[in-house]
Amino acid sequence: MPDYKQFKLPDIGEGLTEADIVKWTVQPGDTVTVNQNLIEIETAKAVVELPSPWAGVVHELLVSEGETVDVGRPIITIDVDPGGSAPAGSVSPGAGVEAPNAHMPNGDVPKADANGRQAVLVGYGPRAEGGARRRRRSPAAEPAAQDRVPDDRVPDDRVPEPTVNSAFQVPPRGADLDEPASQHRVLAKPPVRKLAKNLGVDLTTVAPSGPEGAITREDVQAAAEDSSSTGSVRRGSSSPPRVKSVRAGGRETRVPVRGVRKHTAAAMVSSAFTAPHVTEFMSVDVTATMQLRDRVAARPEFRGVRVSPLVFVARALILAARRTPEINATWDDAAGEIVLKHYVNLGIAAATDRGLIVPNVKDADQLSLLDLAHAINDLAQTARAGRTAPADLTGGTITITNVGVFGVDTGTPILNPGETGILAFGAVRRMPWVVTDGDTERIEPRSVTQLAVSFDHRVVDGQQGSHFLADVGGLLADPGLALL
Amino acid sequence: MTEHVRAVQPEPDMVQLLTPEGERVERADYPLDITDEQIGQLYRDLVLVRRIDSEAVALQRQGELGLWASLLGQEAAQVGAGRALRSHDMCFPTYREHGVAWCRQVDPLTLLGLFRGTSVGGFDPYTHNFNMYTVIIGAQTLHAAGYAMGVVRDGAVGTGDPDRDTAVLAFFGDGASSQGDVNESFVWAAAENLPIVYVCQNNQWAISAPVATQSRVPLYQRSAGFGFPGLRIDGNDVLASLAVTRRALDDARSGQGPTLIEAFTYRMGPHTSSDDPTRYRLGSDVETWKLRDPIARVRAYLSRSAGFDAEFFAAIDEESEQLAVHVRAGCRALPDPSPESLFDHVFVELPEDLRRQRAEFADFVASVAS
């Protein structure tokens with residue numbers, strides 16, 4: 001009679017959370033020996049073969065080639081006792097490999113058990129917290145994301161004091177476990193959890209004030225005082241503060257998060273925690289561009305249109321993006337593809353009374369300098385008047401944020417979601433600058449600005465990002481290069 | 001990118017006593033008094049050490065170890081040096097000296113505990129006169145220098161009493177040769193004429209950095225600048241490793257100071273299980289080094305020139321499979337440490353404040369567990 005064991009995808013690279021299945025080297029029905037190669041997988045670090053922990057007969061392959069599989073998910077069932085006497089159909093925990101409660105239906109991600117424990121392989125297995133940061137989990141996957149626990153591989157009878165493990169568990173969550181709000185993980189250090197337990201405070205109902213949404217000792221104490229004085233506790237981290245009106249005269253003002261602020265917050269969180277940002281900076285002598293601007297503005301056809309330095313930055317960006325097309329692209333996570341755009345819908349971040357919006361100039365790469373100047377002016381005026389059409393807010397491919405208008409030098413811009421590059425244009429200042437003339441050097445007052453470009457490192461490497469920034473800077477330092 | 005500037009060096013002399021084809025080479029400067037039976041024992045060491053290593057690699061891929069640093073290709077350098085030691089000599093390994101550990105009778109499971117995370121690396125170094133694995137690159141060479149200073153101050157050098165005179169064997173790699181620690185250790189060893197033998201296993205790759213990017217000269221020549229002798233051996237030749245290390249240890253014990261041995265070898269596998277060498281080196285290099293395999297040449301010698309039969313080799317293969325079963329089953333059965341054990345082994349006598357912390361921690365664990 002068969003005795004089935006399941007081999008779970010191990011973390012073979014010190015903290016990996018997933019791997020791609022490249023190739024199976026065995027098929028159901030094959031007889032395998034200990035350490036015979038079963039499968040080739042590719043992780044972020046290496047392509048490796050996984051050897052079989054057991055001898056037996058392959059019963060079932062649980063994942064298919066090309067699939068991306070979370071660490072801890074069973075990938076193969078092996079009958080380690082074909083023709084043996086174990087009861088049919090039972091799946092026994094594999095020695096040292098399976099977690100208690102390990103049998104899972106095909107295709108399921110590992111579920112937390114009743115205590116909220118998740119099967120974690122060697123030591124530092126997938127941390128729900130870290131994993132969620134690297135890869136957005138769908139809400140449906142949230143219940144699987146639980147606290148990191150000590151090594152669970154050892155069958156219970158070998159754990160000297162099984163209850164010790166629960167020292168690191170989330171305290172019981174009470175009756176509101178099913179409420180969507182409480183599906184978010186509670187972040188709190190163990191001593192804070194202990195304090196909450198002693199004070200009888202349910203941590204899922206405490207609003208966090210610590211870094212990264214952690215509940216602090218003070219939060220717990222405040223919650224305990226609240227509940228003792230009013231009999232109610234504050235709501236949890238996931239619900240927005242429920243404030244009916246702005247209270248005047250207090251030490252704090254609570255502002256409901258709505259509209260553009262709410263949209264901006266969601267977009268920035270999504271972008272910052274989805275796209276790995278890299279920001280690079282460059283100081284540029286833009287004296288030549290400023291002189292060019294003066295000459296252009298004096299031309300009759302430019303009468304009546306504001307020729308700001310921003311227009312030249314936009315032109316430089318468009319030209320530079322031709323040489324580095326990756327900067328004008330989209331990471332399509334669902335398709336697993338990078339979409340290079342052969343057009344530039346240039347977003348211009350605009351501060352309005354309602355908040356930050358980023359309308360874009362469609363096909364900006366097709367426009368002459370004059371048309372571009374008109375388009376940017378129109379965009380800004382429409383935005384400030386609050387009349388920007390929804391169509392102007394979608395479909396952007398790359399963005400400029402003109403932080404210089406606020407008199408600041410530079411910043412580390414966050415990408416507009418779905419885009420790969422954003423350029424921050426700082427204030428143009430008269431600055432001392434070393435000018436080289438043949439063999440002599442001298443310091444001259446020049447018009448100098450700071451450029452900063454943030455890019456999505458999934459799409460663009462430092463080399464391309466640097467080329468792009470250097471190209472933009474080079475064109476602004478010497479606009480004549482645009483003729484080349 | 002500028003081309004790395006390199007001085008042109010002639011191929012350095014390399015002590016080799018057994019060719020890759022299995023032919024013995026006699027050298028007057030490194031005579032080796034050894035019987036064929038003893039060479040057979042070295043063969044057994046090499047095979048068993050490789051089997052421990054390959055089993056650990058498999059266990060890591062099965063999720064039983066968090067990490068493993070394979071010694072594949074370096075068995076001869078390690079076994080030769082390890083077997084040159086006397087029991088009262090002290091040895092300071094890196095984290096890859098599984099072959100030396102074997103020669104010092106350290107149970108492989110003791111090593112696996114560190115890589116499984118059930119131990120923070122601890123065993124009593126004096127049990128085997130084999131220090132704990134040192135993960136900090138090159139740090140163990142300073143520990144070795146300090147230990148050797150103690151040996152000198154104990155008067156355990158140059159007495160002529162073989163049971164008293166003590167040498168220290170320090171291991172490091174080509175990457176560590178660029179570390180300040182290693183160079184400081186050289187300075188101390190030379191300045192105080194310490195009884196240290198340095199064995200640098202030049203496996204030619206510091207993770208992904210080839211040795212040529214770190215040194216313009218062969219690494220053994222580094223010692224000349226510090227004022228003590230250095231030489232290169234064929235690191236895949238267990239007899240050369242044994243003969244040269246033995247003589248260097250004798251020199252050290254008799255008060256003639258330190259020696260640097262560069263064992264010229266090749267890391268056949270990845271730096272560790274987290275590394276993918278195909279991303280930075282050519283498969284053809286690996287193929288070249290396969291022809292210099294440290295085990296195949298000993299087997300060729302034993303079967304062709306020493307009359308060892310198939311039965312001998314089959315018995316060792318069988319023994320290696322038994323050892324693999326011991327390693328595999330023992331690894332899975334390594335007990336998890338208790339939370340309080342992190343307070344152990346820091347002090348001989350736990351100070352009062354740590355004692356209090358331990359009690360509080362135990363209370364805390366008990367309170368949240370209930």
Side-chain angles (χ1 to χ4, degrees), chain A residues 7-16 34-39 41-54 71-72 94-98 119-125 150-155 158-169 171 190-191 193-194 196-198, chain B residues 1 51 54-69 112-120 207-208 269-280 321 324-325 327-341 360-370:
Chain A
F7 180 37
K8 295 177 175 181
L9 183 71
D11 167 17
I12 53 93
E14 300 180 86
L16 297 171
V34 171
N35 293 346
Q36 179 181 335
N37 281 325
L38 299 175
I39 187 173
I41 64 168
E42 179 166 12
T43 71
K45 292 183 175 176
V47 175
V48 296
E49 292 172 322
L50 300 184
S52 174
W54 315 289
V71 164
V97 175
E98 306 281 344
V120 179
L121 296 171
V122 174
Y124 31 71
D151 191 339
D152 253 348
R153 290 157 300 153
V154 183
R158 288 224 313 273
V159 178
E161 185 60 64
T163 51
V164 168
N165 273 353
S166 61
F168 300 92
Q169 302 304 315
R193 292 177 187 274
K194 175 76 161 37
K197 190 179 176 189
N198 290 350
Chain B
M1 294 288 282
R51 192 66 188 87
S54 65
E55 193 58 34
V57 169
L59 286 166
Q60 197 281 333
R61 293 298 188 230
Q62 289 158 2
E64 300 289 347
L65 300 177
L67 180 74
W68 182 251
L112 293 193
L114 173 64
F115 293 95
R116 189 177 168 87
T118 59
S119 142
V120 288
I207 309 188
S208 58
H271 170 71
T272 67
S273 48
S274 294
D275 173 41
D276 179 3
T278 63
R279 294 190 183 190
Y280 53 79
E321 287 312 308
V325 170
V327 168
R328 186 160 62 239
C331 174
R332 290 174 180 164
L334 284 170
D336 282 352
S338 71
E340 291 96 301
S341 68
E360 286 172 5
F361 182 60
D363 286 349
F364 166 67
V365 169
S367 70
V368 289
S370 58

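Letters A, B, ... mirror the listed sequences (proteins, then strands); counts begin at 1.
- Closest of all the heavy-atom pairs between A:Pro10 and B:Gly63 is CB-CA, 3.3 Å.
- The choice from A:Ile41, A:Val34, A:Asn35 that makes the most heavy-atom pairs within less than 4.5 Å of chain B is A:Asn35.
- Going from atom CG of A:Asp11 over to atom OG of B:Ser274 covers 8.0 Å, rounded to the nearest 0.5 Å.
- By the side-chain hydrogen bond (donor to acceptor under 3.5 Å, both in side chains) test, B:Asp275 pairs with B:Tyr280, sequence neighbours left out.
- Checked against salt bridge (Lys or Arg N to Asp or Glu O under 4.0 Å), B:Arg328 has the following partners two or more places apart in sequence or in another chain: B:Glu55.
- At a threshold of 4.5 Å between non-hydrogen side-chain atoms, the residues A:Lys194 and B:Val368 count as touching.
- When the options B:Gln62, B:Glu64, B:Arg61 are evaluated for a side-chain contact (heavy atoms from CB on, under 4.5 Å) with A:Pro53, the one that passes is B:Gln62.
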